[in-house]
Undergrad: 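What follows is a structure written as structure tokens; I'll ask about it next.
Since we're looking at a predicted model, the values are computed, not measured. In what follows, residues are counted from 1 in the order of the sequence shown.
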Amino acid sequence: MSTTMHPAAEVPAAPKRATATPSLDLFARGGDNALWHRWWAAGVGWTCWQSLRGELGDGAGAASHDPGIVHVVALGIDGRIKNRAFVNSGGITGGWSNWSQLGNQQFLASPAAASWGSDHFEVFATGTDKRIWHNWYRFGGGGWSGWYAFAADTKLFKYAPAAASFDAQKLNVFGLGEDGRIWERAHLGNGQWSAWRAMGDDLFDSAPAATSWGKGHLEAFARSADGRIWHNWYRFTAGAWSGWYVFDGPQRFKESPAAASHAPETLNLFALGTDDRMWQRYHLGGGSWSAWAPMGDDLFTSSPAAASWSI
């Protein structure tokens, strides 16, 4: 981290936030290999960075499965996935849980997380066999399912996957294939999945990112070899992806981006610049975006992760 960062110590539990207020949470690995966190709330702005500790081997994934809850998963230095959750109760059971381990299986890169509502939370990660594995939480009992590769899956991937849900029982997973193209598959309901499909022939050099601002919108992002960020959104009326479009501006990036939405028609995009600072831009509505802007002078060593409990 830069010298402007607070000391790498666990920060006392923050007071309860206003759960009904639009909110975003942002995570990244610092130079001390700990996971660092800051959050934004409408009318309040961004907090300072706080350490969530942990010995990370890469970045994190994050998602919310209920208002007032953010669940984080991260790759440990031992290659195993660990997780912890924030509960916005303000009481003795509120705040951040301790880190716990999701099995003994080892993975290559940071995990991804997604939820389609209060009854489903799922984690995805690229295994040492280069296949994408998933592990979901059984809210009705039984805890975590354990890690499973997709049945009869021979598709191989580089880097980390991405995942997003745009409606109940709807979940899309994205990965960077060994051919440099972004591939996706969709949950069809009742545990059934589509086959992997390429999202065009454009080539990329990072893990993808994905988010949704609700029914009728699903968007994917990736970094090209020249350090620019591209996006591709699903046109629900046409039943097809838009194709890849590059964001303007001179800023270049060195890791995969992250994206999250806290309300319909809103979307925040984050990426680690070649200067190791975190940058962001946001959707202004109607397809217009703000310019890239740095989020301070603190330095990081991984791609970011972002989540909101507002949607």
Undergrad: Could you state whether Trp46 and Trp36 fall into the same hydrophobic cluster, counting links through intermediate Ile, Leu, Val, Met, Phe, Trp or Tyr residues with side-chain heavy atoms under 4.5 angstrom apart?
TA: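 Hydrophobic grouping puts Trp46 with Trp36.
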Undergrad: Passes salt bridge (charged side-chain N to carboxylate O under 4.0 Å, His left out), Asp179 versus Lys158? Steps please.
TA: CA-CA 9 Å; Asp179 60 359; Lys158 300 188 292 184; over 6 Å; no
Undergrad: Closer than 3.5 angstrom, by distance alone: can the side chain of Ser212 be matched with the main-chain N or O of Ala164 as a donor-acceptor pair?
TA: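 Absent.
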Undergrad: Between Phe27 and Trp39, is a ring-ring contact (aromatic ring centres under 6.0 Å, His included) present by the stated rule, with each step listed?
TA: CA-CA 9 Å; Phe27 306 86; Trp39 56 271; over 10 Å; no
Undergrad: Please round to the nearest 0.5 Å and tell me the distance separating atom CG of Asp129 and atom CG of Leu108.
TA: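 Rounded to the nearest 0.5 Å, the CG-CG separation comes out at 8.0 Å.
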Undergrad: Please check if the side chain of Ser261 supplies one atom and the backbone of Leu267 the other of a donor-acceptor pair under 3.5 Å.
TA: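 Not a single qualifying donor-acceptor pair exists.
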Undergrad: With ring centroids as reference points, do Phe166 and His217 lie under 6.0 angstrom apart?
TA: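 Not under 6.0 Å, so no.
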Undergrad: Begin from the C-alpha positions of Trp196 and Asp153 and carry the test side chain to side chain donor-acceptor pair (under 3.5 Å) through to its verdict.
TA: CA-CA 9 Å; Trp196 287 108; Asp153 192 4; 3.0 Å; yes
Undergrad: Start with the C-alpha gap between Phe139 and His120, add the side-chain angles, then the distance that decides, and say whether ring-ring contact (aromatic ring centres under 6.0 Å, His included) holds.
TA: CA-CA 7 Å; Phe139 284 87; His120 188 84; 7.9 Å; no
Undergrad: Could you tell me if the side chain of Met295 sits less than 4.5 Å from the side chain of Leu26, heavy atoms only?
TA: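 Answer yes - side chains close enough.
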Undergrad: I'd like to check the side-chain contact (heavy atoms from CB on, under 4.5 Å) partners of Ser145; sequence neighbours left out, ordered by chain and number.
TA: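 Partners of Ser145 under the side-chain contact (heavy atoms from CB on, under 4.5 Å) test: Asn135, Trp136, Arg138, Tyr148.
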Undergrad: Thr126 versus Arg131: any side-chain heavy-atom pair under 4.5 Å?
TA: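 A side-chain contact under 4.5 Å is absent here.
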Undergrad: Are Tyr234 and Leu171 connected in the hydrophobic side-chain network, where two residues link if heavy atoms are under 4.5 Å apart?
TA: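 No: no chain of side-chain contacts under 4.5 Å links Tyr234 to Leu171.
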Undergrad: Please enumerate all residues that pass side-chain contact (heavy atoms from CB on, under 4.5 Å) together with Asp202, with sequence neighbours excluded.
TA: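 With neighbours one apart ignored, the set is Phe204, Trp244.
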Undergrad: Considering all heavy atoms of both residues, which atom of Phe121 and which atom of Ala63 are nearest to each other, and what is their separation?
TA: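 Looking at all heavy atoms of both residues, the closest pair is CE1-CB, 3.7 Å.
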Undergrad: Does Arg38 reach the side chain of Gln50, with side-chain heavy atoms less than 4.5 Å apart?
TA: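 SC-SC contact between Arg38 and Gln50 ruled out.
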Undergrad: Does the pair Glu178 and Lys130 meet the rule for a salt bridge (charged side-chain N to carboxylate O under 4.0 Å, His left out), with working shown?
TA: CA-CA 9 Å; Glu178 290 194 312; Lys130 298 185 180 180; 3.0 Å; yes
Undergrad: Regarding Asn104 and Arg80, is there a side-chain donor-to-acceptor distance under 3.5 Å anywhere?
TA: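 A pair is found: one side chain offers a donor N or O, the other an acceptor, under 3.5 Å apart.
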Undergrad: Which heavy-atom pair separates Ala258 from Ala209 by the least distance, and what is that distance?
TA: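 Of all heavy-atom pairs spanning Ala258 and Ala209, the closest is CA-CB, 4.0 Å.
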Undergrad: Measure from the side-chain N and O atoms of Ser165 to the backbone N and O of Lys170, and report whether any donor-acceptor pair falls under 3.5 Å.
TA: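 It does hold such a pair.
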Undergrad: Between Phe157 and Tyr159, does the ring centroid distance fall short of 6.0 Å?
TA: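 They do not qualify: ring centres at least 6.0 Å apart.
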Undergrad: Answer yes or no for Lys155 and Trp183: cation-pi contact, defined as NZ/CZ to six-membered ring centre under 6.0 Å and angle to ring axis within 45°.
TA: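 That pair qualifies as a cation-pi contact.
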Undergrad: Only one of Trp96, Trp49, Phe86 clears ring-ring contact (aromatic ring centres under 6.0 Å, His included) with His37; which?
TA: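 That would be Trp96.
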Undergrad: Mind listing the closest non-hydrogen atom pair of His262 and Pro22 along with its distance?
TA: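 Between these two residues, the closest heavy atoms are ND1-CB, 3.6 Å.
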Undergrad: Does the gap between the ring centers of Trp133 and Phe124 come in under 6.0 Å?
TA: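 They do not qualify: ring centres at least 6.0 Å apart.
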Undergrad: For the OH atom on Tyr282, are there more than 12 heavy atoms of other groups (residues, nucleotides or ligands in this structure) within a distance under 6.0 Å?
TA: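 No, not enclosed.
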Undergrad: Would you verify whether the NZ or CZ of Lys82 falls within 45 degrees of the ring axis of Trp99 while also being under 6.0 Å from that six-membered ring's centre?
TA: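 Geometry flag: set, cation within 6.0 Å and 45°.
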Undergrad: Under 3.5 Å, side-chain donor or acceptor atoms of residues 303-311 against the rest of the protein: list the pairs with distances, not counting sequence neighbours.
TA:
| from | atom 1 | to | atom 2 | distance (Å) |
| --- | --- | --- | --- | --- |
| Ser303 | OG | Ser256 | OG | 3.4 |
| Ser308 | OG | Ser23 | O | 2.6 |
| Ser308 | OG | Ser310 | N | 3.0 |
| Ser308 | OG | Ser310 | OG | 3.3 |
| Trp309 | NE1 | Thr19 | O | 3.2 |
| Ser310 | OG | Ser23 | N | 2.8 |

Undergrad: Indicate whether any N or O donor in one side chain lies under 3.5 Å from an N or O acceptor in the other, for Thr301 and Arg29.
TA: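 Their side chains do contain a donor-acceptor pair, which is all the 3.5 Å distance test asks for.
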Undergrad: Would you call Phe107 and Ile132 a side-chain contact if the rule is heavy atoms closer than 4.5 Å?
TA: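 Of all side-chain heavy-atom pairs linking Ile132 with Phe107, none is under 4.5 Å.
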Undergrad: Side-chain heavy atoms nearer than 4.5 Å, only ILVMFWY residues, links allowed to pass through others: does that put Trp147 and Tyr137 together?
TA: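 Looking at the clustering, Tyr137 is in the same group as Trp147.
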Undergrad: Report the residues that fulfil salt bridge (charged side-chain N to carboxylate O under 4.0 Å, His left out) with Asp25, sequence neighbours left out, ordered by chain and then residue number.
TA: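 Once residues adjacent in sequence are excluded, the partners of Asp25 under the salt bridge (charged side-chain N to carboxylate O under 4.0 Å, His left out) criterion are Arg17.
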Undergrad: Should Arg277 and Asp298 count as side-chain neighbours, where that means a heavy-atom distance under 4.5 Å?
TA: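 Result no, sub-4.5 Å side-chain heavy-atom pair not found.
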Undergrad: Pick one: which of Asp276, Thr274, Asp275 meets side chain to side chain donor-acceptor pair (under 3.5 Å) with Lys254?
TA: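 Going through Asp276, Thr274, Asp275 one by one, the side chain to side chain donor-acceptor pair (under 3.5 Å) with Lys254 is satisfied by Asp276 alone.
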Undergrad: Start with the C-alpha gap between Thr266 and His283, add the side-chain angles, then the distance that decides, and say whether side-chain contact (heavy atoms from CB on, under 4.5 Å) holds.
TA: CA-CA 6 Å; Thr266 69; His283 185 253; over 6 Å; no
Undergrad: Is Leu269 reachable from Phe253 through a run of hydrophobic residues whose side-chain heavy atoms are each under 4.5 Å from the next?
TA: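 Yes, one cluster joins them.
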Undergrad: I'd like to know whether Asn172 forms a side-chain contact (heavy atoms from CB on, under 4.5 Å) with Leu218, so could you lay out the CA-CA distance, the side-chain angles of the two residues, the decisive distance to 0.1 Å, and finally the verdict.
TA: CA-CA 9 Å; Asn172 286 62; Leu218 179 65; 3.6 Å; yes
Undergrad: So, using salt bridge (charged side-chain N to carboxylate O under 4.0 Å, His left out) as the criterion, who are the partners of Arg281 when residues are at least two apart?
TA: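 For Arg281 the salt bridge (charged side-chain N to carboxylate O under 4.0 Å, His left out) partners, ignoring immediate neighbours, are Asp248.
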Undergrad: Indicate yes or no: at least one non-hydrogen side-chain atom of Ile229 is less than 4.5 angstrom from one of Val246.
TA: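 Contact flag for Ile229/Val246 side chains = no.
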Undergrad: Closest approach of Leu176 and Pro208, non-hydrogen atoms and distance?
TA: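 Nearest heavy atoms, Leu176 then Pro208: N-CD, 4.0 Å.
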Undergrad: Any sub-3.5 Å donor-acceptor pair from Gln106's side-chain atoms to Gly127's backbone N or O?
TA: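 Pair absent, no side-chain N/O of Gln106 close to backbone of Gly127.
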Undergrad: If you take all heavy atoms of Met199 and Ala220, which pair is closest and at what distance?
TA: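 Heavy atoms of Met199 and Ala220 come nearest at CE-CB, 4.1 Å.
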Undergrad: Of all the heavy-atom pairs spanning Ala186 and Arg197, show the shortest one and how long it is.
TA: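 Result for this residue pair: CB-NH2, 3.7 Å.
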Undergrad: Going through the distances and angles, do Tyr245 and Trp230 end up as a ring-ring contact (aromatic ring centres under 6.0 Å, His included)?
TA: CA-CA 5 Å; Tyr245 292 86; Trp230 296 65; 8.3 Å; no
Undergrad: Centroid separation under 6.0 Å, is that true for the rings of His134 and Phe150?
TA: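 Yes, close enough.
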Undergrad: Please lay out, stage by stage, how Asn83 and His71 fare under the test side chain to side chain donor-acceptor pair (under 3.5 Å).
TA: CA-CA 7 Å; Asn83 80 112; His71 205 124; 2.7 Å; yes
Undergrad: Under 4.5 Å between side-chain heavy atoms, hopping through other hydrophobics if needed: is there a path connecting Leu75 to Leu52?
TA: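 No, Leu75 and Leu52 fall in different hydrophobic clusters.
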Undergrad: Does the ring center of Trp116 lie less than 6.0 Å from the ring center of His65?
TA: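 Trp116 vs His65: aromatic centres not under 6.0 Å.
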Undergrad: With sequence neighbours left out, what residues match Asp201 under side-chain hydrogen bond (donor to acceptor under 3.5 Å, both in side chains)?
TA: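 side-chain hydrogen bond (donor to acceptor under 3.5 Å, both in side chains) list for Asp201, sorted by chain: Arg181.
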